Amino acid sequence: MASDEFQPIQGMSDVAYPEIVLWQRLEETARRILSLYGFSEVRTPVVEKRVVFDRSLGDTTDIVQKEMYQFEDAGGRPLVLRPEGTAGITRFIAGLGQEGHGARVYYVGPMFRRERPQAGRKRQFHQFGAESIGAPNPHADAEIIAMQVHLLRAWGLKDFRVRINTRGTAEDRQAVQAGLRQRLEAVASRLCEDCQRRLTTNVLRVLDCKNPGCRAVVAELPPMTSFMADSSRAYLEDVVRVIRHLELEVQVDPTLVRGLDYYQHTVWEIAHHGLGAQDAIGAGGRYAITMGNRVIDGVGFAMGLERIIMALTAEQGAFVPPAVPLVWMVSADAALLDVHLQLVQALRLRGIVCGIDLDRRSVKAQMKAAGKAGARWVILHGAAEQENGTFQLKDMESGKQDEVSMPELLERLNPAVLHALG
RNA sequence: GUGGGUGUAGCUCAGUUGGUUAGAGCGUCAGAUUGUGGUUCUGAAUGUCGCGGGUUCGAAUCCCGUCACUCACCCCA
(Lines give C-alpha, C1' and ligand atoms only; values in the text may rest on other atoms or scores of the structure.)
Protein backbone atom coordinates (compact mmCIF):
# COMPACT_ATOMS: atom_id res chain seq x y z
CA MET A 1 0.00 0.00 0.00
CA ALA A 2 1.32 3.42 -0.93
CA SER A 3 2.16 5.68 1.95
CA ASP A 4 -0.28 8.42 2.87
CA GLU A 5 2.08 10.94 1.35
CA PHE A 6 1.01 9.87 -2.09
CA GLN A 7 -2.70 9.66 -1.38
CA PRO A 8 -5.00 12.50 -2.27
CA ILE A 9 -6.62 14.12 0.73
CA GLN A 10 -9.69 12.63 2.36
CA GLY A 11 -12.78 12.49 0.19
CA MET A 12 -10.98 13.55 -2.97
CA SER A 13 -9.75 11.23 -5.65
CA ASP A 14 -7.85 10.94 -8.87
CA VAL A 15 -9.79 9.98 -11.95
CA ALA A 16 -7.79 8.18 -14.61
CA TYR A 17 -8.08 5.51 -17.26
CA PRO A 18 -10.34 3.61 -17.69
CA GLU A 19 -12.99 5.58 -15.73
CA ILE A 20 -11.89 8.83 -17.31
CA VAL A 21 -13.15 7.54 -20.66
CA LEU A 22 -16.61 7.20 -19.15
CA TRP A 23 -16.39 10.71 -17.67
CA GLN A 24 -15.50 12.10 -21.06
CA ARG A 25 -18.39 10.29 -22.68
CA LEU A 26 -20.86 11.56 -20.13
CA GLU A 27 -19.70 15.08 -20.75
CA GLU A 28 -19.85 14.68 -24.52
CA THR A 29 -23.37 13.33 -24.36
CA ALA A 30 -24.45 16.09 -22.02
CA ARG A 31 -23.07 18.76 -24.33
CA ARG A 32 -24.82 17.22 -27.30
CA ILE A 33 -28.19 16.95 -25.58
CA LEU A 34 -28.05 20.39 -23.99
CA SER A 35 -27.23 22.03 -27.30
CA LEU A 36 -30.54 20.65 -28.63
CA TYR A 37 -32.25 22.85 -26.08
CA GLY A 38 -30.20 25.93 -26.88
CA PHE A 39 -27.98 25.79 -23.83
CA SER A 40 -24.35 26.83 -23.94
CA GLU A 41 -21.57 26.14 -21.51
CA VAL A 42 -20.30 28.61 -18.96
CA ARG A 43 -17.17 28.06 -16.90
CA THR A 44 -17.21 30.03 -13.71
CA PRO A 45 -14.31 30.11 -11.23
CA VAL A 46 -13.95 27.35 -8.68
CA VAL A 47 -13.14 29.98 -6.05
CA GLU A 48 -15.70 32.65 -5.22
CA LYS A 49 -16.18 35.30 -2.59
CA ARG A 50 -17.88 33.87 0.41
CA VAL A 51 -20.88 36.20 0.13
CA VAL A 52 -21.87 34.66 -3.19
CA PHE A 53 -22.94 31.60 -1.28
CA ASP A 54 -24.01 32.59 2.19
CA ARG A 55 -26.56 35.06 0.91
CA SER A 56 -28.04 32.81 -1.75
CA LEU A 57 -27.99 29.32 -0.22
CA GLY A 58 -29.17 30.62 3.13
CA ASP A 59 -26.83 31.28 6.01
CA THR A 60 -28.49 28.74 8.26
CA THR A 61 -27.94 25.83 5.90
CA ASP A 62 -25.34 23.23 6.81
CA ILE A 63 -23.53 23.81 3.55
CA VAL A 64 -22.85 27.41 4.42
CA GLN A 65 -22.46 26.93 8.16
CA LYS A 66 -20.08 24.04 8.29
CA GLU A 67 -19.30 22.46 4.96
CA MET A 68 -17.58 25.15 2.92
CA TYR A 69 -13.84 25.13 2.45
CA GLN A 70 -13.00 28.69 3.25
CA PHE A 71 -9.84 30.71 3.43
CA GLU A 72 -8.55 34.22 3.04
CA ASP A 73 -6.34 35.31 0.21
CA ALA A 74 -3.29 37.48 0.76
CA GLY A 75 -5.49 40.56 0.77
CA GLY A 76 -7.63 39.15 3.58
CA ARG A 77 -10.67 38.56 1.36
CA PRO A 78 -12.91 35.75 2.57
CA LEU A 79 -13.06 33.18 -0.20
CA VAL A 80 -14.54 29.73 -0.57
CA LEU A 81 -14.25 26.73 -2.83
CA ARG A 82 -17.66 26.58 -4.47
CA PRO A 83 -19.98 24.06 -2.77
CA GLU A 84 -22.48 24.10 -5.66
CA GLY A 85 -22.95 25.65 -9.05
CA THR A 86 -26.09 27.73 -9.13
CA ALA A 87 -24.92 30.66 -7.02
CA GLY A 88 -21.87 31.27 -9.21
CA ILE A 89 -24.02 31.10 -12.32
CA THR A 90 -26.46 33.68 -11.00
CA ARG A 91 -23.51 35.86 -10.01
CA PHE A 92 -22.39 35.66 -13.62
CA ILE A 93 -25.89 36.31 -14.94
CA ALA A 94 -26.33 39.32 -12.67
CA GLY A 95 -23.15 40.75 -14.15
CA LEU A 96 -24.62 40.53 -17.64
CA GLY A 97 -27.43 42.94 -16.76
CA GLN A 98 -30.13 43.00 -19.44
CA GLU A 99 -28.11 40.55 -21.52
CA GLY A 100 -28.70 37.88 -18.93
CA HIS A 101 -32.41 37.76 -19.46
CA GLY A 102 -33.47 34.42 -20.90
CA ALA A 103 -29.96 32.98 -20.65
CA ARG A 104 -29.65 29.21 -20.92
CA VAL A 105 -26.41 27.88 -19.61
CA TYR A 106 -24.88 24.67 -18.36
CA TYR A 107 -21.78 23.90 -16.36
CA VAL A 108 -19.70 20.94 -15.37
CA GLY A 109 -16.97 20.81 -12.81
CA PRO A 110 -15.80 20.12 -9.29
CA MET A 111 -17.69 21.22 -6.19
CA PHE A 112 -16.38 21.05 -2.64
CA ARG A 113 -18.10 20.26 0.62
CA ARG A 114 -16.31 19.24 3.77
CA GLU A 115 -18.68 16.45 4.75
CA ARG A 116 -17.85 13.02 6.03
CA PRO A 117 -17.35 10.90 2.90
CA GLN A 118 -19.54 7.87 2.31
CA ALA A 119 -21.02 5.99 -0.63
CA GLY A 120 -21.90 8.59 -3.26
CA ARG A 121 -20.46 11.45 -1.28
CA LYS A 122 -17.04 12.91 -1.82
CA ARG A 123 -15.52 16.12 -0.59
CA GLN A 124 -14.57 17.03 -4.09
CA PHE A 125 -17.34 15.85 -6.33
CA HIS A 126 -18.48 16.81 -9.78
CA GLN A 127 -21.74 18.21 -10.95
CA PHE A 128 -23.31 18.73 -14.28
CA GLY A 129 -25.97 21.40 -14.07
CA ALA A 130 -28.11 23.66 -16.18
CA GLU A 131 -29.91 26.91 -15.52
CA SER A 132 -32.67 28.58 -17.49
CA ILE A 133 -33.04 32.20 -16.48
CA GLY A 134 -36.45 33.80 -16.48
CA ALA A 135 -39.56 34.59 -14.46
CA PRO A 136 -41.68 31.79 -13.00
CA ASN A 137 -43.34 29.90 -15.80
CA PRO A 138 -44.64 26.33 -15.52
CA HIS A 139 -43.66 25.55 -19.10
CA ALA A 140 -40.06 26.57 -18.42
CA ASP A 141 -39.96 24.29 -15.37
CA ALA A 142 -41.43 21.38 -17.33
CA GLU A 143 -39.01 21.93 -20.20
CA ILE A 144 -36.02 21.74 -17.86
CA ILE A 145 -37.27 18.56 -16.24
CA ALA A 146 -37.89 17.04 -19.67
CA MET A 147 -34.37 17.98 -20.68
CA GLN A 148 -32.91 16.41 -17.56
CA VAL A 149 -34.81 13.17 -18.15
CA HIS A 150 -33.73 13.25 -21.80
CA LEU A 151 -30.12 13.53 -20.69
CA LEU A 152 -30.41 10.73 -18.13
CA ARG A 153 -31.82 8.46 -20.80
CA ALA A 154 -29.14 9.50 -23.28
CA TRP A 155 -26.61 8.48 -20.67
CA GLY A 156 -28.26 5.07 -20.70
CA LEU A 157 -30.10 5.18 -17.38
CA LYS A 158 -33.52 3.63 -16.96
CA ASP A 159 -34.32 2.87 -13.35
CA PHE A 160 -34.75 6.34 -11.93
CA ARG A 161 -37.83 8.10 -10.75
CA VAL A 162 -38.72 11.76 -10.56
CA ARG A 163 -40.48 13.17 -7.54
CA ILE A 164 -41.80 16.70 -7.61
CA ASN A 165 -43.18 19.17 -5.10
CA THR A 166 -43.45 22.87 -4.53
CA ARG A 167 -41.95 25.13 -1.95
CA GLY A 168 -44.31 27.93 -2.89
CA THR A 169 -43.27 31.54 -2.64
CA ALA A 170 -41.29 33.25 0.10
CA GLU A 171 -44.56 34.16 1.84
CA ASP A 172 -45.81 30.59 1.54
CA ARG A 173 -42.67 29.36 3.18
CA GLN A 174 -43.34 31.41 6.31
CA ALA A 175 -46.88 30.04 6.46
CA VAL A 176 -45.74 26.47 5.86
CA GLN A 177 -43.09 26.64 8.54
CA ALA A 178 -45.42 28.22 11.05
CA GLY A 179 -48.19 25.79 10.22
CA LEU A 180 -46.02 22.70 10.42
CA ARG A 181 -44.31 23.85 13.58
CA GLN A 182 -47.63 24.41 15.27
CA ARG A 183 -48.96 20.98 14.35
CA LEU A 184 -45.75 19.19 15.21
CA GLU A 185 -45.15 20.86 18.53
CA ALA A 186 -48.39 19.33 19.73
CA VAL A 187 -46.96 15.84 19.07
CA ALA A 188 -43.30 16.61 19.70
CA SER A 189 -42.93 13.74 22.13
CA ARG A 190 -43.56 11.27 19.32
CA LEU A 191 -40.72 12.65 17.23
CA CYS A 192 -37.15 11.40 17.25
CA GLU A 193 -34.40 13.43 18.87
CA ASP A 194 -33.22 14.85 15.56
CA CYS A 195 -36.71 15.96 14.62
CA GLN A 196 -37.30 17.66 17.95
CA ARG A 197 -34.23 19.70 17.15
CA ARG A 198 -35.48 20.26 13.59
CA LEU A 199 -38.67 21.80 15.00
CA THR A 200 -36.68 24.93 15.66
CA THR A 201 -33.86 24.67 13.13
CA ASN A 202 -35.43 23.27 9.98
CA VAL A 203 -39.04 22.11 10.30
CA LEU A 204 -39.33 20.98 6.72
CA ARG A 205 -36.74 18.31 7.29
CA VAL A 206 -39.10 16.52 9.65
CA LEU A 207 -41.11 15.64 6.56
CA ASP A 208 -38.43 13.46 5.07
CA CYS A 209 -37.08 11.95 8.27
CA LYS A 210 -36.35 8.24 7.86
CA ASN A 211 -37.44 7.34 11.38
CA PRO A 212 -40.66 5.22 11.27
CA GLY A 213 -42.15 7.02 14.26
CA CYS A 214 -41.68 10.38 12.60
CA ARG A 215 -43.07 9.10 9.33
CA ALA A 216 -46.23 8.04 11.12
CA VAL A 217 -46.60 11.53 12.52
CA VAL A 218 -45.94 13.08 9.12
CA ALA A 219 -48.54 10.84 7.53
CA GLU A 220 -51.19 12.35 9.76
CA LEU A 221 -50.18 15.87 8.82
CA PRO A 222 -52.03 17.89 6.21
CA PRO A 223 -49.84 18.29 3.11
CA MET A 224 -47.52 21.25 3.32
CA THR A 225 -49.16 22.71 0.24
CA SER A 226 -52.32 23.20 2.28
CA PHE A 227 -50.58 26.08 4.03
CA MET A 228 -49.78 27.77 0.73
CA ALA A 229 -51.66 30.24 -1.42
CA ASP A 230 -54.03 28.79 -4.04
CA SER A 231 -51.87 30.25 -6.78
CA SER A 232 -48.85 28.27 -5.59
CA ARG A 233 -50.76 25.01 -5.64
CA ALA A 234 -52.07 25.89 -9.09
CA TYR A 235 -48.52 26.54 -10.27
CA LEU A 236 -47.43 23.04 -9.27
CA GLU A 237 -50.51 21.53 -10.90
CA ASP A 238 -49.65 23.36 -14.10
CA VAL A 239 -46.11 22.07 -14.07
CA VAL A 240 -47.27 18.51 -13.50
CA ARG A 241 -49.87 18.81 -16.23
CA VAL A 242 -47.31 20.04 -18.77
CA ILE A 243 -44.84 17.33 -17.81
CA ARG A 244 -47.45 14.65 -18.28
CA HIS A 245 -48.37 16.24 -21.58
CA LEU A 246 -44.76 15.58 -22.56
CA GLU A 247 -45.41 11.94 -21.66
CA LEU A 248 -43.02 11.88 -18.76
CA GLU A 249 -43.69 10.22 -15.45
CA VAL A 250 -43.45 12.24 -12.30
CA GLN A 251 -44.65 11.47 -8.85
CA VAL A 252 -45.98 14.34 -6.77
CA ASP A 253 -44.54 13.94 -3.31
CA PRO A 254 -45.78 16.42 -0.71
CA THR A 255 -42.98 15.41 1.66
CA LEU A 256 -40.19 16.18 -0.78
CA VAL A 257 -37.92 18.82 0.70
CA ARG A 258 -35.01 20.67 -0.84
CA GLY A 259 -32.49 22.14 1.51
CA LEU A 260 -31.28 25.30 -0.10
CA ASP A 261 -33.02 28.56 0.76
CA TYR A 262 -33.11 29.93 -2.76
CA TYR A 263 -35.76 27.53 -4.02
CA GLN A 264 -39.24 28.82 -4.80
CA HIS A 265 -42.14 26.99 -6.37
CA THR A 266 -41.16 23.85 -8.22
CA VAL A 267 -38.61 21.50 -6.68
CA TRP A 268 -37.78 17.98 -7.75
CA GLU A 269 -35.45 15.15 -7.08
CA ILE A 270 -34.41 12.18 -9.15
CA ALA A 271 -33.52 9.06 -7.22
CA HIS A 272 -31.93 5.81 -8.27
CA HIS A 273 -32.26 2.60 -6.28
CA GLY A 274 -28.82 1.34 -7.21
CA LEU A 275 -26.95 3.70 -4.89
CA GLY A 276 -26.41 3.64 -1.16
CA ALA A 277 -28.15 5.87 1.31
CA GLN A 278 -27.35 8.85 -0.88
CA ASP A 279 -29.77 7.90 -3.61
CA ALA A 280 -30.41 11.25 -5.31
CA ILE A 281 -28.64 11.34 -8.66
CA GLY A 282 -30.00 14.74 -9.49
CA ALA A 283 -32.23 17.47 -8.20
CA GLY A 284 -33.47 20.80 -9.27
CA GLY A 285 -35.87 23.59 -8.71
CA ARG A 286 -37.01 27.07 -9.43
CA TYR A 287 -35.28 29.83 -7.53
CA ALA A 288 -35.06 33.54 -6.95
CA ILE A 289 -31.57 34.55 -5.95
CA THR A 290 -30.64 38.05 -4.85
CA MET A 291 -27.32 39.21 -6.21
CA GLY A 292 -26.63 42.75 -5.02
CA ASN A 293 -29.52 44.89 -6.23
CA ARG A 294 -30.77 42.30 -8.72
CA VAL A 295 -32.95 39.28 -8.27
CA ILE A 296 -32.19 36.45 -10.64
CA ASP A 297 -35.16 34.22 -11.37
CA GLY A 298 -34.53 30.89 -12.94
CA VAL A 299 -34.98 27.16 -12.92
CA GLY A 300 -32.27 24.55 -13.07
CA PHE A 301 -30.91 21.23 -12.00
CA ALA A 302 -27.67 19.66 -10.88
CA MET A 303 -26.54 16.08 -11.14
CA GLY A 304 -23.73 14.43 -9.24
CA LEU A 305 -21.53 12.74 -11.82
CA GLU A 306 -20.01 10.29 -9.33
CA ARG A 307 -23.55 9.19 -8.49
CA ILE A 308 -24.52 8.99 -12.15
CA ILE A 309 -21.58 6.64 -12.63
CA MET A 310 -22.67 4.56 -9.63
CA ALA A 311 -26.17 4.32 -11.09
CA LEU A 312 -24.81 3.33 -14.50
CA THR A 313 -22.62 0.71 -12.86
CA ALA A 314 -25.61 -0.65 -10.96
CA GLU A 315 -27.62 -0.95 -14.17
CA GLN A 316 -24.96 -2.05 -16.63
CA GLY A 317 -22.01 -3.34 -14.63
CA ALA A 318 -18.54 -1.86 -14.60
CA PHE A 319 -17.59 0.29 -17.54
CA VAL A 320 -15.27 -1.33 -20.04
CA PRO A 321 -13.60 1.07 -22.43
CA PRO A 322 -14.06 0.09 -26.06
CA ALA A 323 -11.08 -1.40 -27.83
CA VAL A 324 -9.58 0.64 -30.61
CA PRO A 325 -8.10 -0.87 -33.74
CA LEU A 326 -4.50 -0.99 -32.75
CA VAL A 327 -1.31 -1.56 -34.63
CA TRP A 328 1.73 -2.68 -32.68
CA MET A 329 5.31 -2.32 -33.89
CA VAL A 330 7.58 -5.16 -32.88
CA SER A 331 11.24 -4.45 -33.28
CA ALA A 332 13.30 -7.58 -33.91
CA ASP A 333 16.50 -5.64 -33.94
CA ALA A 334 17.15 -2.83 -31.52
CA ALA A 335 19.74 -1.40 -33.89
CA LEU A 336 16.85 -0.47 -36.19
CA LEU A 337 14.81 1.35 -33.54
CA ASP A 338 15.35 4.65 -35.33
CA VAL A 339 13.56 3.25 -38.37
CA HIS A 340 10.87 1.60 -36.28
CA LEU A 341 10.01 4.71 -34.34
CA GLN A 342 9.92 6.63 -37.60
CA LEU A 343 7.42 4.16 -39.08
CA VAL A 344 5.27 4.32 -35.95
CA GLN A 345 5.31 8.10 -36.12
CA ALA A 346 4.27 8.02 -39.78
CA LEU A 347 1.31 5.77 -38.95
CA ARG A 348 0.25 7.99 -36.08
CA LEU A 349 0.41 11.04 -38.33
CA ARG A 350 -2.04 9.18 -40.57
CA GLY A 351 -4.39 8.80 -37.63
CA ILE A 352 -3.64 5.22 -36.71
CA VAL A 353 -3.43 4.17 -33.09
CA CYS A 354 -0.03 2.59 -32.94
CA GLY A 355 2.03 1.18 -30.08
CA ILE A 356 5.67 0.27 -29.71
CA ASP A 357 7.77 -1.07 -26.86
CA LEU A 358 10.98 0.94 -26.64
CA ASP A 359 12.57 -1.12 -23.87
CA ARG A 360 14.59 -3.34 -26.24
CA ARG A 361 12.89 -6.48 -25.03
CA SER A 362 12.70 -9.84 -26.77
CA VAL A 363 10.38 -10.33 -29.73
CA LYS A 364 8.39 -12.71 -27.58
CA ALA A 365 7.93 -10.11 -24.87
CA GLN A 366 6.94 -7.52 -27.44
CA MET A 367 4.40 -9.89 -28.99
CA LYS A 368 3.00 -10.52 -25.58
CA ALA A 369 2.67 -6.78 -24.97
CA ALA A 370 0.93 -6.43 -28.34
CA GLY A 371 -1.52 -9.17 -27.42
CA LYS A 372 -2.20 -7.63 -24.05
CA ALA A 373 -2.78 -4.20 -25.58
CA GLY A 374 -5.41 -5.74 -27.82
CA ALA A 375 -3.48 -5.05 -31.02
CA ARG A 376 -5.28 -6.07 -34.19
CA TRP A 377 -2.14 -5.95 -36.32
CA VAL A 378 1.52 -6.41 -35.58
CA ILE A 379 4.29 -5.11 -37.79
CA LEU A 380 7.49 -7.03 -37.26
CA HIS A 381 10.73 -5.75 -38.66
CA GLY A 382 14.33 -6.83 -38.19
CA ALA A 383 17.58 -7.23 -40.03
CA ALA A 384 16.18 -9.71 -42.59
CA GLU A 385 13.32 -7.40 -43.58
CA GLN A 386 15.65 -4.44 -43.62
CA GLU A 387 17.72 -6.24 -46.24
CA ASN A 388 14.66 -7.14 -48.37
CA GLY A 389 12.94 -3.79 -47.90
CA THR A 390 9.88 -5.55 -46.46
CA PHE A 391 7.84 -5.85 -43.27
CA GLN A 392 6.08 -8.74 -41.61
CA LEU A 393 2.42 -7.87 -41.13
CA LYS A 394 0.57 -10.18 -38.79
CA ASP A 395 -3.17 -10.32 -38.27
CA MET A 396 -3.46 -11.06 -34.56
CA GLU A 397 -6.96 -12.47 -34.85
CA SER A 398 -6.31 -15.06 -37.55
CA GLY A 399 -2.63 -15.44 -36.80
CA LYS A 400 -1.86 -15.07 -40.51
CA GLN A 401 1.34 -13.25 -41.40
CA ASP A 402 2.43 -11.75 -44.73
CA GLU A 403 5.68 -10.23 -45.84
CA VAL A 404 4.76 -6.96 -47.52
CA SER A 405 6.37 -3.90 -49.07
CA MET A 406 6.02 -0.44 -47.58
CA PRO A 407 3.28 0.69 -50.02
CA GLU A 408 1.31 -2.47 -49.34
CA LEU A 409 1.76 -2.03 -45.62
CA LEU A 410 0.40 1.49 -45.78
CA GLU A 411 -2.49 0.33 -47.94
CA ARG A 412 -3.44 -2.49 -45.59
CA LEU A 413 -3.16 -0.23 -42.56
CA ASN A 414 -5.20 2.50 -44.18
CA PRO A 415 -7.23 4.23 -41.44
CA ALA A 416 -10.43 3.77 -43.44
CA VAL A 417 -9.77 0.05 -43.80
CA LEU A 418 -9.00 -0.30 -40.11
CA HIS A 419 -12.12 1.60 -39.21
CA ALA A 420 -14.25 -0.67 -41.38
CA LEU A 421 -12.74 -3.72 -39.72
CA GLY A 422 -13.47 -2.27 -36.30
C1' G B 1 -19.78 16.60 13.94
C1' U B 2 -21.53 11.16 15.80
C1' G B 3 -21.37 5.80 15.38
C1' G B 4 -20.08 0.74 13.09
C1' G B 5 -16.59 -2.11 10.00
C1' U B 6 -11.66 -2.56 7.84
C1' G B 7 -6.19 -1.59 7.22
C1' U B 8 -0.87 -7.99 5.51
C1' A B 9 3.08 -8.03 -1.71
C1' G B 10 0.81 -3.93 -7.76
C1' C B 11 -4.56 -6.28 -7.04
C1' U B 12 -8.01 -9.79 -4.16
C1' C B 13 -7.22 -11.93 0.29
C1' A B 14 -5.20 -16.39 3.94
C1' G B 15 -2.48 -16.09 8.33
C1' U B 16 -5.17 -21.11 13.48
C1' U B 17 -5.52 -20.08 21.39
C1' G B 18 1.06 -14.35 20.33
C1' G B 19 6.37 -18.44 18.70
C1' U B 20 11.52 -18.27 15.16
C1' U B 21 13.39 -17.15 7.49
C1' A B 22 4.93 -13.85 6.73
C1' G B 23 1.80 -17.12 2.58
C1' A B 24 -1.81 -18.12 -1.79
C1' G B 25 -4.25 -16.70 -6.30
C1' C B 26 -4.07 -13.04 -10.03
C1' G B 27 -0.70 -9.67 -12.16
C1' U B 28 4.59 -8.57 -13.35
C1' C B 29 9.40 -10.40 -15.17
C1' A B 30 12.33 -14.47 -17.22
C1' G B 31 12.76 -19.34 -19.44
C1' A B 32 10.48 -24.05 -22.23
C1' U B 33 16.74 -24.66 -29.00
C1' U B 34 17.72 -20.02 -33.59
C1' G B 35 13.22 -13.38 -34.34
C1' U B 36 6.35 -14.40 -32.99
C1' G B 37 1.01 -13.12 -28.64
C1' G B 38 -3.58 -15.09 -26.42
C1' U B 39 -3.41 -21.81 -23.69
C1' U B 40 0.03 -24.79 -20.76
C1' C B 41 4.53 -25.83 -17.82
C1' U B 42 8.92 -24.11 -14.94
C1' G B 43 11.30 -20.41 -12.27
C1' A B 44 12.05 -15.41 -10.15
C1' A B 45 11.28 -10.63 -7.95
C1' U B 46 8.38 -7.46 -4.76
C1' G B 47 6.08 -6.58 2.01
C1' U B 48 8.68 -0.38 7.20
C1' C B 49 2.23 -6.74 8.24
C1' G B 50 -1.18 1.73 7.92
C1' C B 51 1.81 4.67 11.63
C1' G B 52 3.45 5.47 16.90
C1' G B 53 3.66 3.74 21.71
C1' G B 54 2.81 -0.31 25.38
C1' U B 55 2.48 -5.58 27.44
C1' U B 56 5.80 -9.94 26.63
C1' C B 57 11.58 -13.94 26.51
C1' G B 58 8.88 -13.25 21.79
C1' A B 59 3.49 -9.26 18.50
C1' A B 60 0.79 -9.27 11.79
C1' U B 61 -1.81 -11.55 16.09
C1' C B 62 -3.15 -8.58 22.76
C1' C B 63 -3.82 -3.15 24.80
C1' C B 64 -3.76 2.31 23.97
C1' G B 65 -3.33 6.26 20.67
C1' U B 66 -3.26 8.06 15.78
C1' C B 67 -4.04 8.23 10.48
C1' A B 68 -6.49 6.34 6.30
C1' C B 69 -10.30 3.67 3.77
C1' U B 70 -15.38 2.23 4.08
C1' C B 71 -20.64 2.19 5.52
C1' A B 72 -24.52 4.64 8.16
C1' C B 73 -26.48 9.03 10.84
C1' C B 74 -26.57 14.16 9.75
C1' C B 75 -26.76 16.86 5.27
C1' C B 76 -27.16 16.76 0.21
C1' A B 77 -26.03 16.03 -6.04
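Please read these numbers as outputs of a predicted model, since none were measured by experiment.
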Return whichever of A/I270 or A/M12 has its heavy-atom-nearest nucleotide of RNA chain B closer to the 5' end. A/M12
Measure the CD-CZ distance between A/E185 and A/R183 for me, rounded to the nearest 0.5 Å. 12.5 Å
Nearest heavy-atom pair of A/A332 and A/G382: which atoms, and what distance? CB-CA, 3.8 Å
NA contact type, A/G129, heavy-atom cut-off 4.0 Å: base, sugar-phosphate, or nothing? nothing
Measuring only the C1' atom in each nucleotide, how far is B/G4 from B/U48? A whole number of Å is fine. 29 Å
For B/A77, does OP1 or OP2 lie under 4.0 Å from any side-chain N or O of A/R258? yes
Proximal nucleotide (of B/C71, B/A77, B/U28) relative to the A/A283 side chain: B/A77
Ranking A/G11 and A/R307 by the position along RNA chain B of their nearest nucleotide, the one closer to 5' is A/G11
Strictly below 4.0 Å: does A/Q10 bring a side-chain N or O up to OP1 or OP2 of B/C69? yes
Tell me which nucleotide, if any, is Watson-Crick or G-U wobble paired with B/G47 when both distances must be under 3.5 Å. none
Rounding to the closest angstrom, what is the interatomic distance between B/U8 and B/U36 at atom P? 41 Å
Can you find a donor-acceptor N/O pair under 3.5 angstrom joining the side chain of A/Q366 to the base of B/U36? no
Pair A/Y37 and A/H150, ring centroids less than 6.0 Å apart: yes
Here the distance between atom C1' of B/G37 and atom CD1 of A/I379, to the nearest Å, is 16 Å
Among B/U28, B/A77, B/U36, the nucleotide that comes nearest once only the side chain of A/A280 is considered: B/A77
Between A/Q118 and B/C71, is there a contact of a side-chain N or O with OP1 or OP2 at under 4.0 Å? no
Tell me if the side-chain of A/R121 makes a donor-acceptor pair with the base of B/C75, cut-off 3.5 Å, by modelled atom types. yes
Could you check which nucleotide pairs with B/U61 in any of the strands shown, counting Watson-Crick or G-U wobble with both distances under 3.5 Å? none
Return the nucleotide paired to B/C73: Watson-Crick means purine N1 to pyrimidine N3 with N6-O4 or O6-N4, wobble means G-U with N1-O2 and O6-N3, both under 3.5 Å. B/G1
Pairs under 3.5 angstrom, nitrogen or oxygen only, protein versus nucleotides 29-34 of chain B, please.
{"from": "B/C29", "atom 1": "OP1", "to": "A/R361", "atom 2": "NH1", "distance (Å)": "3.1"}

Is A/R43 atom CZ crowded by more than 12 heavy atoms from other residues, nucleotides or ligands, each under 6.0 Å away? no
Are OP1 or OP2 of B/C73 and a side-chain N or O of A/K210 less than 4.0 angstrom apart? yes
B/C57 to B/U2 separation - P atoms, rounded to the nearest Å: 38 Å
Per atom distances to the A/A119 side chain, the nearest of B/U36, B/C71, B/C75 is B/C71
Out of A/K400, A/R412, A/R376, which one pairs with A/D395 under the salt bridge (charged side-chain N to carboxylate O under 4.0 Å, His left out) rule? A/R376
Candidate nucleotides B/C74, B/G1, B/U36, ranked by approach to the side chain of A/K394 - the nearest: B/U36
Is there a Watson-Crick or G-U wobble partner for B/A22 with both distances under 3.5 Å, and if so, which one is it? none
Return the orientation label for the A/Y235 and A/H265 ring planes: parallel under 30°, perpendicular over 60°, tilted otherwise. parallel
Whole-Å gap separating P (B/U2) and CD (A/E67): 15 Å
Any donor-acceptor pair under 3.5 Å joining the side chain of A/Q278 to the base of B/C73? no
Nearest heavy-atom pair of A/D172 and A/M228: which atoms, and what distance? OD1-CA, 3.6 Å
Let me see the working for A/Y107 and A/F128 under ring-ring contact (aromatic ring centres under 6.0 Å, His included), right down to the final yes or no. CA-CA 6 Å; A/Y107 59 90; A/F128 181 89; 7.3 Å; no
B/U56 pairs with which nucleotide, Watson-Crick or G-U wobble, both distances below 3.5 Å? none
When you measure from the side-chain N and O atoms of A/R198 to the phosphate of B/C74, is any distance below 4.0 Å, counting only OP1 and OP2? yes
